[in-house]
Amino acid sequence: MHDGVFGEGRLVRWTLIALAIGFLVLFLVLPLLAVFSEALRRGAAAFFAAFDDADTQAAIRLTLLVAAIAVPLNLVFGLSAAWAISKFEFPGKSVLISLIDLPFSVSPVVSGLVYVLLFGAKGLLGPLVDDWDFKIIFAVPGIVLATIFVTFPFIAREVIPLMQEQGTADEEAALTLGASGFRTFLTVTLPNVRWALLYGVLLCNARAMGEFGAVSVVSGHIRGLTNTMPLQVEILYNEYNFVAAFAVASLLAGLALVTLGAKSLLEWRHGDALSPARRH
Amino acid sequence: MSNRRSFLSALAIAAGIMGAAAFARAQTPPDVVLTNVSYDPTRELYRALNDAFAKQWQANTGQKVTIRTSHGGSGKQARSVIDGLEADVVTLALAGDIDAIARESKRLPANWQSRLPNNASPYTSTIVFVVRKGNPKAIRDWPDLAKEGVSVVTPNPKTSGGARWNYLAAWAYELDRTRSEKEGGDPATARKFVEAVYRNVPVLDSGARGSTTTFAQRAVGDVLVAWENEAFLALQEFGADKFEIVVPSFSILAEPPVSLVDAVVDKRGTRKVAEAYLDFLYTPAAQKIIARNFYRPIKPEAADPADLARFPKIRLVTIDQAFGGWTKAQAEHFADGGTFDQIYKPGGKAVTR
Amino acid sequence: MSTAVLRGWTPSLAKPSVLPGFGITFGFAVSYLSLIVLIPLAVLVWRASALGIDGIWQVATTPRVLAALRVSFFISAAAALVNVVFGAIVAWVLVRYDFPGKRILDAAVDLPFALPTAVAGIALAALYATNGWIGALFAPWGIKIAFTPLGIFIALVFIGLPFVVRTVQPVLQDFEREVEEASATLGAGRGQTVFRVVLPALVPALLTGGALAFARAVGEYGSVIFIAGNMPFVSEIAPLLIVTRLEEFDYAGASAIATVMLVISFAALLVINSIQAFGRRRFGHA
């Protein structure tokens, strides 16, 4: 704390703190409290009853499945791209990095729309997909694709700056000692970025489980089949089943809190091992 | 040595158990899943019907059937099915939508409507109004919807089946009113009337349930034009102390039909169950559930009289009588460039409270 | 071992390096990127281009689309502005001061990143409805928040909150206190020092954060549709209009609006990048 001649004075300081706390409480804490409060409005029994519903259970399973596919795939991609970008010099590197960030700036609705245009029955590859009798849109593969799209950059952008900062010295040393490329990657590179990787996986997972707009466009909203948890929340809400809607929402909010907690832990304990942008 | 022996015996026991389970399983038929693509307000109805059917089917055949439903505006659902949404059965809001599926995707025959009784409609409904308690804007009948300063909530005819019934009911009212001036009513006056009504519409939701939410929850509008069953449900969910149902003097008989999607049930091997499911809708047990959920059963004798007494008496006209059938009505009013496109100019004044 | 044996095979694209694996990692990364991101986006543009530039322009300039873009644009800008002001305050407070609960609040700032948009949507709708905790406070004055443009504003402030705070925090952290002290020893009052010395150095970060918040808000869907009235010309956001067109199976219309939104997003990205480049040149950091 900066007391003394160069400080702001206590009044200013506490006013600013009050403003900041007020702003954060109003916009962050209250909505969170509202979720749990509404979920428990009719008591704990009603809260737990919400999860007895088969459709809700299916939604939870589907959400977990989608995340279990999207996150590892984006992980492999993130590491691949980071290796290519940080250990080698090639033209167009910054273009590649910007392209990786692209899904961030695309509206979730558009993210879903692009897959409908590609794989829907009237889409570019629609007739082909039909021939193979493989359902993409209005089925789980479409949901997985849309989720991969929106969570695409999360892991890459945590790992790339860090690996760029770390350079190639460690890997070159390992190679001169006789390790193969892959062995070097596993035993030298990965441990160097493990906390940033975990950080990225956390964010990627949170978004993968919580994505709404993109999935809403490609799903067929078939209860028990193609509804993820966020979609199920919407359905319950539209059926006036507010307690159940908020009960499922509270599960997702709980996941968000766990994500935040794990994130903070990583930042405090291993902050210097994270991407340069994260160190604060 | 003994390790190997105990391992082998464990393996044998496991194999024995699995064999017994497989044998037992082979005696009961495998579980089957049906997908029912339905229109927006039928969520509660089909939850009850699906439960009852599953119980009955399990009792009769020992097979476990799970019915998954999807709900949304009828037009939107139809186009999803055409686009590849895999439905074993469709239970939509109007025949025109199932006709479209037959025509565009060829997944069911053109004569689908004659395969089940009553034009393949196990239940009917009609269109009524919901207003706020006390009816502050004194809405009594159709002409009041076109009055200056009245805000009307109705869904989007491009996506919702209920919306199209609403539109045609308004049109039919005016045709009926002018039938003494001209044979079959004056279409020009009808068009002016419907145009005036839609000038009062601030927002078009994609389905009937969306409109109910907009009216009841978001407190938009003075009057909701809705399915009769939605009206009753809104009163039940939001409280009869908040809203009232206003029964107009005249309305249209809405016949939401059901059908198998032949291509899908044959591919998935679910024809038997799907046919039984649709037949079930006509049984007394189902008709009772239908009446309880505010839909008009076609076999009223099977329903609880108390449930039947709730339905108001209205003078009804059918789509065939007033418009010559859905194919004609759809082409004239709701196709691209039809009368709806010509008269609807978004941006009606919203009255929220 | 000679370095020749150690030299990994790198195609002529990359400068030669001892490290192996460029081919496979670069190839996989680019293929994955193309399949998941580039090709689908290209299909969107191709689909929209079937209408021709005129067609897209026509769709984009129909009154309803213009109104939706206006709603999205202006409310996002207003929300971004609020976030810039309050985000700066929050960042300042978190970096410079200590108070009980600071660590928890610091962690909480990232909540909009972690919380699913649909959950945020229904929570905000419940809070600001006329019978909600906050909505009830305003109801006696006849002020409605939920289901009006005001509701959209609240949702977009929530969504953009972390962007400004997280962009400004590292800059503020790295800011050299000696400069402030020098300013004070030269006779400047505290206010002068803050507004004339510290703030200008934060401007690039503030602008970047604001632009990021704006870009995110324009495309936001899940947290807005529950609390917006969704009434055309009043509280209908552009992403909702895309979904409506999609539900009407007007693919061309949906693609046209989506393309317009893509262009806006890219423009915002360009602005952000140039601000960051400017900041780097001027102050040595983003």
Side-chain angles (χ1 to χ4, degrees), chain A residues 1-2 5-6 8 13 16-17 19-20 23-24 27-28 30-31 34-35 38 77 80-81 83-84 87-90 99 102-103 105-110 113-115 117-118 124 148-149 152 168 171-172 175 181 206 210 212-213 217 230 233-234 237 245 249 252-253 256 259-260 263-264 280, chain C residues 6 8 13-15 17-22 25-26 28-29 32-33 36-37 40-41 43-44 47 86 89-90 93 97-99 105 107-108 110-111 114-120 122-124 126-127 157-158 161 169-170 173 180-181 184 190 215 219 221-222 239 242-243 254 258 261 265 269:
Chain A
M1 201 109 78
H2 208 70
V5 185
F6 312 117
E8 280 81 58
R13 198 188 312 146
L16 286 180
I17 293 180
L19 271 178
F23 182 70
L24 292 181
F27 280 96
L28 298 180
L30 279 187
V35 172
E38 291 289 327
F77 165 76
S80 263
W83 180 266
K87 310 295 177 195
F88 301 94
E89 283 303 316
F90 56 89
L99 285 178
L102 211 54
S105 48
V106 176
S107 165
V109 166
V110 177
L113 173 63
V114 295
Y115 287 107
L117 292 179
L118 193 53
L124 185 62
I148 293 180
F149 184 101
F152 190 82
T168 54
E171 284 78 11
E172 286 173 6
L175 279 173
F212 177 72
V217 171
V233 167
E234 184 194 25
Y237 192 76
L252 289 168
T259 305
L260 279 184
K263 221 171 144 276
S264 304
H280 60 87
Chain C
L6 288 172
L13 181 61
K15 288 226 274 285
S17 162
V18 286
L19 295 175
F22 178 73
T25 53
F26 183 75
F28 174 71
Y32 191 80
L33 175 68
I36 300 283
V37 178
L41 282 176
V43 171
L44 168 65
R47 204 45 188 273
F86 279 90
I89 297 179
V90 170
V93 163
Y97 302 151
D98 239 332
F99 50 90
L105 277 183
D110 281 326
L111 187 67
L115 195 66
T117 52
V119 174
I122 59 173
L124 290 171
L127 262 183
V157 170
F158 172 87
L161 200 152
Q169 260 181 312
Q173 204 127 29
E180 282 181 69
E181 290 168 12
R190 186 62 185 152
Y221 179 73
I242 296 179
V243 173
M261 291 206 62
S265 312
L269 255 184

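Just so you know, these numbers use all the heavy atoms, side chains as well, and skip hydrogens, waters and symmetry mates. We name chains A, B, ... by the order of the sequence lines, and we start the count at 1 in each one. All figures in this text were calculated on a predicted structure; none of them were measured in a lab.
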Min side-chain heavy-atom separation C:Phe26-A:Trp83 under 4.5 Å: no

Chain A interface, residue from C:Val90, C:Ile122, C:Ile89 that has the most non-hydrogen pairs under 4.5 Å: C:Ile122

Side chain, backbone, both or neither of A:Leu28 within contact of chain C (heavy atoms, under 4.5 Å): both

Segment of A:Tyr237 engaging chain C (4.5 angstrom heavy-atom cut-off): side chain

Contact leader toward chain C among A:Ile17, A:Leu99, A:Leu16, where contacts are heavy-atom pairs under 4.5 Å: A:Ile17

Chain A contact via C:Ala215 - side chain, backbone, both or neither, heavy atoms under 4.5 Å: neither

A:Leu24 versus chain C, the contacting section by heavy-atom distance below 4.5 Å: side chain

NZ/NE/NH1/NH2 to OD/OE distance under 4.0 Å, C:Glu180 and C:Arg190: yes

C:Ile36 vs A:Tyr115, side-chain contact (heavy atoms from CB on, under 4.5 Å): CA-CA, chis, key distance, verdict: CA-CA 9 Å; C:Ile36 300 283; A:Tyr115 287 107; 3.4 Å; yes

Close side-chain approach of A:Phe23 to C:Val157, heavy-atom, < 4.5 Å: yes

Heavy-atom check, side chain of A:Val110 versus side chain of C:Pro239, under 4.5 Å: no

Which atoms of A:Phe152 approach chain C - backbone, side chain, both or neither, heavy atom under 4.5 Å: side chain

Option in A:Gly181, A:Ala206, A:Ala249 with maximal non-hydrogen atom pairs under 4.5 Å from chain C: A:Ala249

Contact leader toward chain C among A:Val106, A:Leu30, A:Leu19, where contacts are heavy-atom pairs under 4.5 Å: A:Leu30

Which atoms of C:Leu161 approach chain A - backbone, side chain, both or neither, heavy atom under 4.5 Å: side chain

Heavy-atom proximity to chain A below 4.5 Å, by part of C:Leu33: both

Heavy-atom side-chain proximity of A:Val35 to C:Val119 below 4.5 angstrom: yes

Proximal component of C:Leu41, with respect to chain A [non-hydrogen, under 4.5 Å]: both

Option that, when pairs with chain A are counted at under 4.5 Å, heavy atom only, ranks first among C:Thr117, C:Leu124, C:Leu105: C:Leu105

CA sep, side-chain torsions, deciding dist, call: C:Ile242, C:Met261, side-chain contact (heavy atoms from CB on, under 4.5 Å): CA-CA 10 Å; C:Ile242 296 179; C:Met261 291 206 62; 3.9 Å; yes

Contact origin within A:Phe27 toward chain C - heavy atom pairs under 4.5 Å: both

Heavy-atom side-chain proximity of C:Leu19 to A:Thr168 below 4.5 angstrom: yes

Min side-chain heavy-atom separation A:Leu117-C:Pro40 under 4.5 Å: no

